[in-house]
Amino acid sequence: EYVETTISEHIHNQGMAKGKIEGKAEGVIEGQLATYEQLYKQGLLSETMYTSMTAPLRQQLEQLQNKS
């Protein structure tokens with residue numbers, strides 16, 4: 001019974017850690033997207049540059065969100 005509890009707790013803790021890491025990654029990507037959007041709105045990035053910079057980030061964000 002003790003071993004089963006320890007294994008269950010370990011799996012639970014791993015899941016929580018993975019969730020925190022993925023959550024932080026999502027936050028970083030969302031922050032980058034917001035920064036690029038502001039630069040685009042200010043005219044500091046062309047539409048082509050904005051699109052080329054945000055497309056991979058949006059794809060990464062979508063992949064992270066689909067894992068949840």
_Distance, nearest 0.5 Å, that separates CZ of R58 from CD of Q65_ = 11.0 Å
_Please determine whether side chain to side chain contact (heavy atoms under 4.5 Å, CB included) holds for the pair T35 and Q32, giving the CA-CA distance in whole Å, both sets of side-chain angles, and the decisive distance to 0.1 Å._
CA-CA 5 Å; T35 300; Q32 287 177 322; 5.6 Å; no
*Work out which heavy atom in I29 is nearest to a heavy atom in L61; give both atom names and the distance.*
CG2-CB, 3.9 Å
*Between E47 and T51, does a side chain to side chain contact (heavy atoms under 4.5 Å, CB included) hold up when you go through it step by step?*
CA-CA 6 Å; E47 186 174 353; T51 303; 4.2 Å; yes
*Indicate if M49 and L33 have the same hydrophobic cluster label, given that clusters are the connected sets of ILVMFWY residues with side-chain heavy-atom separations under 4.5 angstrom.*
yes
*asked:* Can you confirm whether more than 12 heavy atoms, excluding those of E62, are under 6.0 Å from its CD atom?
replied: no
*Under the side chain to side chain contact (heavy atoms under 4.5 Å, CB included) test, which residues partner L44, sequence neighbours left out?*
L39, Q42
*Which atom names give the shortest non-hydrogen contact between L64 and E22, and what distance separates them?*
CD2-CG, 4.1 Å
_K41: partners by side chain to side chain contact (heavy atoms under 4.5 Å, CB included), with sequence neighbours left out_ = E37, Q38
*Mind listing the closest non-hydrogen atom pair of L45 and Y36 along with its distance?*
CD1-O, 3.7 Å
*asked:* Taking ring-ring contact (aromatic ring centres under 6.0 Å, His included) as the cut-off, I'd like each qualifying pair that reaches into residues 37-63, sequence neighbours left out, listed once.
replied: Y40-Y50
